[in-house]
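Below: the structure, in structure tokens.
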There are 2 protein chains.
Amino acid sequence: MDRLVHPDLKDVSLAAALHALADPVRLEIVSRLVACPCLNASTACTDGTPKSTISNHLNVLRAAGLVETRIEGRERINRLRCVDFDARFPGLLATVLANKA
Amino acid sequence: MDRLVHPDLKDVSLAAALHALADPVRLEIVSRLVACPCLNASTACTDGTPKSTISNHLNVLRAAGLVETRIEGRERINRLRCVDFDARFPGLLATVLANKA
DNA sequence: CGTATAGTTCAATATTCCCGAACTATGGAA
DNA sequence: TTCCATAGTTCGGGAATATTGAACTATACG
């Protein structure tokens with residue numbers, strides 16, 4: 001099992017960041033990560049969305065620098081990279097989350 | 001020629017709004033509309049992007065409630081719906097634009 | 001060991017996007 | 001009016017993305 005890759009935020013474009021957030025399932029995952037800062041993929045699952053789809057969505061979030069994934073036994077714990085993301089895109093995540101409610 | 005349709009902002013989801021902004025060409029169009037509040041499609045054109053593509057991008061922006069288009073002779077004048085959009089998604093457009101620079 | 005759990009990868013399908021070519025419509029000149 | 005240029009839309013096909021079931025890997029536990 002190779003190490004999970006987490007990008008440097010300076011390599012993430014604004015368009016890529018917005019694209020990552022521009023999906024209902026991913027928005028839901030992100031809000032859940034705010035509420036519960038350590039979430040595995042199953043818990044992140046929204047209703048009936050299949051796990052392969054969730055896996056892809058988490059890849060997108062990770063590639064956008066929004067989520068960090070740590071392997072813990074047989075599960076992957078996901079965490080928002082709030083500080084890194086906010087340093088790169090000040091206010092963006094907070095504004096999006098405020099508008100999501 | 002049928003009238004151009006401009007959605008009520010309450011019918012625009014956050015995901016749709018973010019999707020409209022999550023594209024380099026559309027971001028460029030939006031920033032140009034900030035700089036110059038009345039722009040036709042040709043002027044909105046970024047470098048070599050074909051006009052059919054620009055037409056589609058403007059459709060997306062219009063459907064997201066970001067742009068209002070007014071027919072004026074043989075051209076269409078585009079304008080940002082700043083007030084409407086900001087009422088629906090407070091701070092979002094400003095934050096995105098601030099991060100675009 | 002065998003089984004259950006957590007998640008990825010693959011491949012096929014479905015959807016969306018891009019852009020050239022053809023088209024519509026308006027304005028102005030001859 | 002007729003002709004041409006300008007401004008932009010629409011259509012269609014190929015390219016790129018997204019979704020998802022099935023098979024697979026890996027770990028934990030009895």
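So you know, we letter chains A, B, ... as the sequences are listed, proteins then strands, and number each from 1.
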Review point. Reckon B:T53 has a side-chain N or O less than 4.0 Å from the OP1 or OP2 of C:dC18?
Key: no
Practice item. Confirm from the modelled atom types if A:S52 and D:dG21 form a donor-acceptor pair under 3.5 Å, side chain to base only. Key: yes
**Study point:** For atom CG of B:D23 and atom P of C:dC19, their distance in whole Å
**Key:** 10 Å
**Study point:** Separation of D:dT6 P from B:I77 CD1 (nearest whole Å)
**Key:** 17 Å
Revision key, fill the gap. Whole-Å distance, B:R74 CZ to D:dT9 C1', equals 16 Å
Review point. Would you call A:V67 and A:L80 a side-chain contact if the rule is heavy atoms closer than 4.5 Å?
Key: yes
Point to revise | Ion pair B:E68/B:R81, N-O distance below 4.0 Å | key: no
Practice item. For C:dC17, take OP1 and OP2 only and decide whether either is under 4.0 Å from a side-chain N or O of B:H19. Key: yes
Review point. Considering only heavy atoms from C-beta outward, does the side chain of B:L27 approach that of B:V30 to under 4.5 Å?
Key: no
Practice item. Mind calculating the distance between CG (B:L4) and P (D:dA7) to the nearest angstrom? Key: 17 Å
Check your understanding: B:K51 has an atom NZ; how far is it from atom P of D:dA7, in whole Å?
Key -> 9 Å
Study note, to complete from the structure: Rounded to whole Å, the CZ-P distance (A:R26 to D:dA18) equals 7 Å
Check your understanding: Once you round it to whole Å, what is the distance between P of C:dT24 and CZ of B:R76?
Key -> 15 Å
Study note, to complete from the structure: Sorted by position of nearest nucleotide on DNA chain C, 5' first, the leading residue of B:E72 and A:N59 is A:N59
Check your understanding: Whole Å only: how far is the CD1 atom of A:I71 from the P atom of D:dT27?
Key -> 9 Å
Check your understanding: So, do B:R26 and B:H19 sit near enough that their side-chain heavy atoms are less than 4.5 Å apart?
Key -> yes
